[in-house]
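Accompanying notes for the structure given below.
The chains referred to below are lettered A, B, ... by the order of the sequence lines, with proteins before strands, and numbering in each begins at 1. Because the structure is a prediction, the values reported are computed rather than measured.
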Number of protein chains: 2
Amino acid sequence: MNISQIADKTGLPPKTIRYYEEIGLITPDRGANGYRVFTDSHLHKLAFLGRARTLGFSIEDCRTLLALYEDDTRASADVKAIARQHLKQIKEKIAQLQSMADTLGHLIKCCAGDNRPDCPILNDLARH
Amino acid sequence: MNISQIADKTGLPPKTIRYYEEIGLITPDRGANGYRVFTDSHLHKLAFLGRARTLGFSIEDCRTLLALYEDDTRASADVKAIARQHLKQIKEKIAQLQSMADTLGHLIKCCAGDNRPDCPILNDLARH
DNA sequence: ATAAGGGTTCCAGTGACTGGAAGGTCAAGG
DNA sequence: CCTTGACCTTCCAGTCACTGGAACCCTTAT
């Protein structure tokens, strides 16, 4: 498979796939013309990476997960630990965003939103 | 005021304040020795920026909000529109993260997390 | 022969800082 | 007067995970 074919199958842009090669996540073969040649094994790895990325794992987490994925003697506890840590960070991020949303929502409700310059949002920004 | 004093008062690192000058958000005066000199007006602007940033506004939003803050003839509707748009993006981000968290939480619950290699988390990553 | 549509590499930019190097300035102590 | 240490300055590089674009090569069809 050429890069655009595997890009279609995985949903990852060619640029991203080249980037993943550059940072050593995959190592496609090369044809006589210098083109990258992808096998089903590469396809599986890239699909794995795509899915892990949509779940928000960092590239370094993906690298570790991929190594565990390839390791038949892995302990599922190692995978679970990474996932737990990641989930914790996601939850922290959500809490932080929720706090912003609460504050903003309150300020928006208080703001008349008309032609007059008086604005509780700016007042709040200036007061702190 | 020198930069470290205003940094203390605003809670912003000196590096960040220099960066804000570089991108034109503030324009401190300069002493004869080349040191930046900050006035109360700069203090207020930086505090304003710090607060807006903790609410997650982008730098470009901050630039606009600061201009509105300085404009006595502003319409509060303009401020409200920016805040609304920002709140919408925050909510979208939260929904996205929540979806990740739900999926991850489910996978984690399904994973034994022991010494065996069998792992629902890796299975899921590989299946999609 | 040429044009379209692949592929390749390399460089630069994103956002909002952050770290570090190299060097100038200032106030206090010996 | 000299030194020490804490400031300050600028400039360059790095972060993260790509993304855009330029310049060029390869293949296939017309």
Side-chain angles (χ1 to χ4, degrees), chain A residues 1-39 42 45-46 48-66 85-86 89-90 92-93 96-97 100, chain B residues 1-39 42 45-46 48-66 82 85-86 89-90 93 96-97 100:
Chain A
M1 270 179 290
N2 279 348
I3 200 165
S4 65
Q5 294 170 298
I6 202 153
D8 285 347
K9 290 197 186 183
T10 58
L12 296 171
K15 280 266 183 192
T16 299
I17 296 172
R18 291 194 193 99
Y19 174 68
Y20 286 173
E21 177 183 8
E22 192 189 326
I23 62 174
L25 286 179
I26 50 162
T27 311
D29 310 325
R30 293 289 175 142
N33 54 11
Y35 286 17
R36 288 171 182 81
V37 177
F38 296 88
T39 65
H42 298 122
K45 281 198 206 180
L46 284 170
F48 182 98
L49 288 170
R51 172 78 173 145
R53 293 287 300 129
T54 68
L55 286 177
F57 285 101
S58 72
I59 288 288
E60 285 318 303
D61 275 352
C62 288
R63 194 189 299 280
T64 308
L65 290 171
L66 201 54
Q85 173 64 18
H86 179 44
Q89 284 172 5
I90 290 176
E92 282 166 9
K93 188 76 192 167
Q96 191 186 336
L97 289 173
M100 287 181 193
Chain B
M1 269 178 289
N2 279 348
I3 199 166
S4 65
Q5 294 170 298
I6 203 154
D8 285 347
K9 289 198 186 182
T10 58
L12 297 171
K15 280 267 184 191
T16 299
I17 297 171
R18 290 193 193 99
Y19 173 68
Y20 286 172
E21 177 183 8
E22 191 187 326
I23 62 175
L25 286 178
I26 50 161
T27 312
D29 310 325
R30 294 288 176 141
N33 53 13
Y35 287 17
R36 288 171 182 81
V37 177
F38 296 88
T39 64
H42 299 121
K45 282 198 205 179
L46 285 169
F48 182 98
L49 289 169
R51 172 76 173 148
R53 293 288 299 130
T54 68
L55 286 177
F57 285 102
S58 72
I59 288 288
E60 286 317 304
D61 275 353
C62 287
R63 195 188 300 279
T64 308
L65 290 171
L66 201 54
I82 295 170
Q85 174 64 18
H86 178 44
Q89 285 171 4
I90 290 176
K93 188 75 193 168
Q96 193 187 335
L97 289 173
M100 287 181 193

Check: Checking only heavy atoms, does the side chain of B:Y19 share a donor-acceptor pair with the base of C:dG15 at less than 3.5 Å?
Finding: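 Answer is no: no donor-acceptor pair is held.
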
Would one find a side-chain N or O of [X] under 4.0 angstrom from OP1 or OP2 of [N]?
X: A:R63; N: D:dA17; result: no
X: B:Y20; N: C:dC17; result: yes
X: A:T16; N: D:dT19; result: yes

Working to the nearest 0.5 angstrom, can you tell me the gap between [X] [atom1] and [Y] [atom2]?
X: A:L46; Y: A:I26; atom1: CG; atom2: CD1; result: 4.0 Å
X: A:H42; Y: A:I17; atom1: NE2; atom2: CD1; result: 11.5 Å
X: A:E22; Y: A:R18; atom1: CD; atom2: CZ; result: 11.0 Å

Describe the nucleic acid contact of [X] in one word from base, sugar-phosphate, nothing, applying a heavy-atom distance below 4.0 Å.
X: B:I3; value: sugar-phosphate
X: B:R18; value: base
X: A:F57; value: nothing
X: B:R53; value: sugar-phosphate

Note to self: Of the listed nucleotides (C:dA16, D:dT10, C:dT25), which one gets closest to any side-chain atom of B:Y35?
What the structure shows: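 The closest nucleotide is C:dT25.
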
Note to self: Heavy-atom nearest nucleotide on DNA chain C for B:N33 versus B:I59: which residue maps closer to 5'?
What the structure shows: B:I59

Margin query: Do A:L25 and A:I59 have side chains that approach each other closer than 4.5 Å (heavy atoms only, starting at C-beta)?
Written below: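 SC-SC contact between A:L25 and A:I59 confirmed.
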
Item checked: Heavy-atom side-chain contact between B:F57 and B:T64 under 4.5 Å -> no

Gap between atoms [atom1] and [atom2], on [X] and [N] respectively (whole Å):
X: A:L46; N: D:dA17; atom1: CG; atom2: P; result: 16 Å
X: A:Q89; N: D:dC16; atom1: CD; atom2: P; result: 13 Å
X: A:F38; N: C:dT8; atom1: CZ; atom2: C1'; result: 12 Å
X: B:K15; N: D:dT9; atom1: NZ; atom2: C1'; result: 10 Å
X: A:I23; N: D:dT19; atom1: CD1; atom2: P; result: 12 Å
X: A:D61; N: D:dC16; atom1: CG; atom2: C1'; result: 13 Å
X: A:E21; N: D:dT19; atom1: CD; atom2: P; result: 17 Å
X: B:R36; N: C:dT25; atom1: CZ; atom2: C1'; result: 15 Å

Next item on the list: Between B:S4 and A:P13, name the one whose nearest nucleotide on DNA chain D is closer to the 5' end.
Entry: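 Closest to the 5' end, via its nearest nucleotide, is B:S4.
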
